[in-house]
Amino acid sequence: MSRVAFIGLGRMGHGMAGRYLENGFKVSVWNRSRAKADDLIARGARWATSPEDAAIDADAVVTMVADDEASRAVWLGKDGAVATMKSGTLAIECSTVSYDHSRELSRELHARGLIFIDCPVTGLPDAAAGGKLTLLVGANAADLERARPYLAPIGSTIRHFGEVGAGTVYKLINNLMGAIQIAGIAEGLAIAERAGLDMKLVLEAVESGVAASPAVIRHSRRMVARDFDGATFTASLRHKDAAYAVRLAESLLAATPLTGRAAVEAYARAKSVAPDDDEARMIEVVSQAK
Ligand code: NAP
C-alpha cells in the first residue's frame with residue numbers, strides 16, 4: 001500500500017488528505033493545530049507529532065500550507081519533513097508559494113536526493129474534497145510520471161507547464177488576474193450603489209455583459225448581498241498571491257505592473273480590515289461613502 005504524508009489541513013488540505021484515505025493510501029497527517037486532523041484520524045489517518053514524524057516511511061510527502069514561510073517551516077525547519085525523507089522520495093508542494101521559493105526549495109530538496117515537483121492548484125475547497133482540482137505542475141517529465149499515482153486522487157486535470165517552478169508561474173498569473181478582476185468588480189459595484197442604481201438590474205446586466213466571467217458571476221451577487229458566509233478564499237491569501245505575482249513580474253518585465261500593484265494595495269487594505277474573511281469583502285473596503 002502506498003504511503004502518503006500529508007501536511008497542512010486547512011480549507012484545502014483537509015479535503016485533499018481525505019482523498020488519499022478514500023483511495024486506499026496509508027496516510028499520516030500533521031497540521032500546526034491538531035484539532036483539524038480529528039476526523040481524518042477517525043477515518044484511519046495516523047496523527048504525526050511533526051512533519052518529520054509524518055514523513056517517516058512515506059513514498060510521497062504532500063504539503064498544502066499558507067505561504068513561503070509555512071512551506072519553509074514544514075519542509076526545512078526544525079522537525080521539517082526532509083529530516084526523515086529517504087533518497088528518491090517524492091516531494092509535492094501544492095501550496096501557492098512564490099516563484100523564488102519554489103526554485104530554492106527544489107534546489108534544497110534535490111541536493112538531498114529527493115524528487116521535487118511544484119503543484120499548486122486551482123479549485124475551491126469543495127473541489128479539493130471531491131478530488132476535482134486542476135493541478136498546475138512544474139516538473140521534469142520523468143518526475144511527473146512518477147508522481148502521477150499521487151496526483152490522481154486529488155486532481156481531475158493535470159496541466160504540465162514545464163520544469164520546476166513553471167506550475168507556480170501559471171498559478172501566480174492566474175491569481176493576479178483574478179485579484180485584479182475581483183477588486184475591479186468591487187469598485188464597479190460600489191460606484192453603482194453610491195450612484196443609486198437598481199442593483200438587481202445592475203447584477204443582471206453585469207452577469208450577461210462582456211465583463212462577465214466565472215469569477216465575476218461568483219462574486220458579484222455575494223458582494224451586493226454582503227453575503228460573506230463560508231469564506232473559501234481569504235483576503236490574506238489573495239494579497240499574498242498578488243504580491244508574489246508582482247514580485248515575479250518585476251523580475252521579468254521592464255514596465256512597472258501597474259494594475260498588479262494596485263491589486264496588491266487593494267488587498268493590503270482588505271487584509272488589514274478582515275484578513276481571514278472571504279476576499280469578496282473587498283466591496284466593504286471600497287464602498288465607503290465620500
Ligand atoms: P487555510 O485554510 O488558511 O490553511 C492554511 C494552512 O497553512 C493551515 O493548515 C495552517 O495551519 C497552515 N499554516 C499557516 N502558517 C503556518 C506555519 N507558519 N507553519 C505551519 N503551518 C502553517 O488556507 P487554504 O485555503 O487551505 O489554502 C492553502 C493553500 O492553498 C494556500 O497556499 C492557498 O493560497 C492555496 N489555495 C487556496 C484555495 C482556496 O480556495 N482556499 C484555492 C487554491 C489554492 P493551522 O491550521 O494551524 O492554521
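Read the numbers this way: they start at 1 and go in the same order the structure lists the ligands and their atoms.
Counting side-chain heavy-atom gaps under 4.5 Å among Ile, Leu, Val, Met, Phe, Trp and Tyr, Leu258 is found in no cluster with other residues.
Remark: Arg148 engages Leu144, Glu145, Ile158 in a side chain to side chain contact (heavy atoms under 4.5 Å, CB included) (not counting sequence neighbours). With sequence neighbours excluded, the residues satisfying side chain to side chain contact (heavy atoms under 4.5 Å, CB included) with Arg281 are Phe228, Ala274, Asp277, Glu284.
With rounding to the nearest 0.5 angstrom, the CD1 atom of Ile56 is 12.5 Å from the CE atom of Met85.
Closer than 4.0 angstrom to ligand 1 by heavy atom are Gly8, Leu9, Gly10, Arg11, Met12, Asn31, Arg32, Ser33, Lys36, Met64, Val65, Ala66, Ala70, Val74, Ser95, Thr96, Val121, Gly123, Leu124, Pro125, Lys171, Thr232, Phe233, Leu237, Lys240, Asp241, sorted by chain and number.
Looking at every heavy atom in both residues, Met12 comes nearest to Gly123 through CE-O, 3.3 Å.
For the side-chain contact (heavy atoms from CB on, under 4.5 Å) test with Ser71, the passing option among Leu76, Leu105, Ile7, Thr96 is Leu105; the others fail.
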